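Remember, it's 1-based here, ligands and their atoms both numbered in the order they're listed. Nothing here was measured: the structure is a model prediction, and the numbers come from that model.
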Amino acid sequence: MSESEVREGRLYLKSLSAEGVEHVYLPKAVGASAVAAPLVAGSKKEKLLALREQVMTCTLCDELAQKRKNVVFGAGNIGARLMFVGEAPGRDEDLQGLPFVGKAGQLLTKIIESIGLTRREVFICNVLKCRPPDNRAPEPDEILNCSQYLEKQIDWIQPEIICALGTFAAQTLLKTGTSISRLRGEAHQYRNIPVVCTYHPAYLLRNPEDKRKVWEDMKKIRSELAKGQS
Ligand code: URA
């Protein structure tokens, strides 16, 4: 193939990408079956960095975009086997631009460490990337606006297990209105990835008697991760 054909091909793929096409089917070799080649250029890291850039300047939710101090994209290991999804940044997270750094975050750190992991080994993010004013509950249209970002984070990180922290994360990922107390303890999946639903650490701070249930959920995660390694 000549250089000009390669250039033309690249331009064509770019134009498809601009139209929102994410995969094209290319023949592997003559006689081999077609394979799906990612059209979004770059490695996982590059794609997540590009997504981060996009999220940092997002203005889809007027009120949140106007009132936020920082966008909280998420933090941790982009090769993580375990991903935690919370609800939305609170005051501390909004100030620092990092997820789960306040009191609930300190408890989440202990929860992660209880199964022999560190925050640096997992990936932590939220359904909403901006703080709802006065920590009000996320509105349905805000969840809708922001869930495209969460979907991409999950698609690209491809964790082996997702831990949904609290009602909003569990209901958003599983597209259900069922309460967290009913969702926890049951097996769920998000696009073929097992989802373990558990109580939000902020809830646990108010209801420490439910810590035992979260410990049960974490043990389940630990044994699933161990299975994946054997
Ligand atoms: N609560 C959340 O759901 N997420 C955070 O990042 C902090 C508190």
K219: partners by salt bridge (charged side-chain N to carboxylate O under 4.0 Å, His left out), with sequence neighbours left out: E216

Could you pull out the closest heavy-atom pair between F168 and V127, with the gap in Å? O-CG2, 4.2 Å

Pick whichever of F100, F84, F168 has a heavy atom sitting closest to atom 6 (O) of ligand 1. F100

Numbering the atoms of ligand 1 from 1, which are under 4.0 Å from a heavy atom of H200? 1 (N), 2 (C), 3 (O)

When you look at CZ of R52, are more than 12 heavy atoms from neighbouring residues, nucleotides or ligands closer to it than 6.0 Å? no

Testing the basics here: between L108 and P201, what is the closest heavy-atom pair and its distance to 0.1 Å? CB-CG, 4.1 Å

A student checking ligand 1 against E87 at a 4.0 Å heavy-atom cut-off should list atoms 2 (C), 3 (O)

For the residue pair T109 / R119, report whether a side-chain donor-acceptor contact shorter than 3.5 Å exists. yes

Nearest protein heavy-atom contact for atom 4 (N) of ligand 1: which residue, which atom, what distance? N126 OD1, 2.7 Å

Closest to atom 5 (C) of ligand 1 (judged by heavy-atom distance), picking from P99, A88, A104: A88

So, Q54 and K152: side-chain donor and acceptor under 3.5 Å apart, yes or no? no

List ligand 1 atoms under 4.0 Å from G86, heavy atoms only on the residue side. 3 (O)

Where's the contact between E93 and ligand 1, heavy-atom distance under 4.0 Å: side chain, backbone, both or neither? side chain

